[in-house]
Amino acid sequence: MPKKITAPEVSCEFVREMIFYVRGQKVMMDVDLAKLYGVETKRLKEQVKRNIKRFPKDFMFELTWDEVDFLRSQIATLKKGRGGHSKYLPNVFTEQGVAMLSSVLNSERAIQVNILIMRTFTKMREMLSTHKELAFKMRELERKVGRHDEEINVIINVMKKLMRTPETPKKGIGFHVK
């Protein structure tokens with residue numbers, strides 16, 4: 001049975017570490033959700049199976065073995081010895097799927113954890129939006145600076161021409177008649 005996580009340990013930062021990008025979506029693994037809700041993964045999956053109509057493919061999907069291996073390499077969750085990891089492919093839940101879990105897991109803890117998870121997803125969306133705005137502003141600044149660079153180069157070239165001493169004609173060797 002996974003270690004039960006106590007309420008003080010749960011924070012937005014803690015939850016954020018459990019959110020992964022898979023197939024272009026932010027998802028949470030069933031194992032992590034079970035820990036947060038304080039239930040066994042097996043029980044969480046049972047509740048989902050009993051209410052499978054509430055979990056369409058855009059709310060929950062099963063990972064492939066390649067995706068599981070990739071995630072393991074990213075988060076280093078391999079355990080030593082026999083029985084260190086699941087024989088079954090894990091399910092992952094999108095933000096909507098996590099929200100739907102609150103209707104399936106009906107406990108006070110599930111409600112509190114769901115609220116925290118929803119707040120975390122919202123904060124992540126806000127951060128992403130802020131990053132997009134910053135990226136846009138940086139591109140605008142680069143474009144303006146790029147234009148200024150060209151203008152500054154023109155000014156520098158003109159100044160260099162003005163600073164050059166005029167070339168005096170070289171005197172030739174010998175006698176010159178005017």
Side-chain angles (χ1 to χ4, degrees), residues 1-140:
M1 183 170 141
K3 178 189 168 221
K4 199 176 205 180
I5 299 170
T6 59
E9 292 177 2
V10 180
S11 65
C12 280
E13 290 75 29
F14 185 79
V15 172
R16 191 176 308 139
E17 291 176 9
M18 296 179 169
I19 298 174
F20 302 100
Y21 285 92
V22 177
R23 300 181 196 172
Q25 298 184 67
K26 290 180 284 192
V27 297
M28 293 185 75
M29 294 179 68
D30 54 7
V31 174
D32 293 332
L33 287 165
K35 285 180 192 174
L36 288 170
Y37 292 131
V39 298
E40 291 181 39
T41 308
K42 181 179 179 178
R43 300 294 165 235
L44 183 128
K45 286 185 170 195
E46 283 175 357
Q47 289 298 330
V48 169
K49 282 182 184 176
R50 287 184 188 144
N51 297 281
I52 197 66
K53 289 182 182 178
R54 294 177 184 249
F55 297 95
K57 293 287 180 200
D58 57 329
F59 282 28
M60 177 196 79
F61 55 90
E62 190 175 69
L63 295 179
T64 65
W65 285 116
D66 287 338
E67 290 168 332
V68 171
D69 290 339
F70 178 76
L71 283 177
R72 278 192 187 134
S73 70
Q74 296 301 305
I75 57 179
T77 58
L78 286 176
K79 295 179 184 172
K80 302 283 183 197
R82 189 171 173 197
H85 37 275
S86 178
K87 299 179 237 176
Y88 307 104
L89 289 169
N91 291 325
V92 291
F93 296 83
T94 63
E95 183 176 355
Q96 294 84 3
V98 172
M100 190 58 71
L101 277 173
S102 65
S103 65
V104 172
L105 301 171
N106 196 11
S107 72
E108 186 60 34
R109 180 169 175 94
I111 293 167
Q112 295 305 314
V113 168
N114 254 34
I115 290 169
L116 180 65
I117 292 171
M118 292 302 108
R119 286 182 177 152
T120 303
F121 273 109
T122 302
K123 280 184 181 180
M124 288 180 73
R125 235 186 337 277
E126 288 170 358
M127 285 174 44
L128 184 62
S129 171
T130 301
H131 288 315
K132 283 182 181 177
E133 287 175 30
L134 284 174
F136 176 74
K137 288 179 181 180
M138 285 295 289
R139 282 192 300 274
E140 286 292 308

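Model, not experiment: these values are computed from the prediction.
- A 4.5 Å side-chain heavy-atom check between Y37 and L101 finds at least one atom pair inside the cut-off.
- Residue pairs meeting the salt bridge (Lys or Arg N to Asp or Glu O under 4.0 Å) criterion with at least one member in residues 94-107, sequence neighbours excluded, are E95-R125.
- Pairing each heavy atom of P90 with each of M29, the nearest pair is CG-CE, 3.8 Å.
- Within the model, atoms CG of L63 and CZ of F20 stand 10.0 Å from one another, a figure rounded to the nearest 0.5 Å.
- Side-chain contact between F55 and V104: present, with at least one pair of heavy atoms (C-beta onward) separated by less than 4.5 Å.
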task: May I have the step-by-step check of side-chain contact (heavy atoms from CB on, under 4.5 Å) for M18 and T120, ending in yes or no?
output: CA-CA 11 Å; M18 296 179 169; T120 303; over 6 Å; no
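- Checking I19, L33, V27 one by one against V98, the side-chain contact (heavy atoms from CB on, under 4.5 Å) holds for a single residue, L33.
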task: Apply the test side-chain contact (heavy atoms from CB on, under 4.5 Å) to residues V48 and F93: give CA-CA distance (whole Å), side-chain angles for both, the deciding distance (0.1 Å), then the verdict.
output: CA-CA 11 Å; V48 169; F93 296 83; 3.8 Å; yes
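- Residue pairs satisfying the side chain to side chain donor-acceptor pair (under 3.5 Å) criterion with at least one member in residues 19-30, sequence neighbours excluded, are listed as follows: R23-E67, D30-K45.
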- prompt: Passes side-chain contact (heavy atoms from CB on, under 4.5 Å), F14 versus L116? Steps please.
  reply: CA-CA 10 Å; F14 185 79; L116 180 65; over 6 Å; no
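- Minimum heavy-atom separation, V31 to T41: CA-OG1, 3.8 Å.
- A distance of 6.0 Å separates CZ of F121 from CE of M28, quoted to the nearest 0.5 Å.
- The CD atom of E62 lies 12.0 Å from the OH atom of Y88; values are rounded to the nearest 0.5 Å.
- Judged as a salt bridge (Lys or Arg N to Asp or Glu O under 4.0 Å), and not counting sequence neighbours, the contacts of E46 are R43.
- Interatomic distance, CD of Q47 versus NZ of K42, reported as 13.0 Å (0.5 Å rounding).
- The NZ atom of K35 sits 5.5 Å away from atom CG of D32, with the distance rounded to the nearest 0.5 Å.
- Looking at every heavy atom in both residues, L89 comes nearest to T64 through CD2-C, 3.7 Å.
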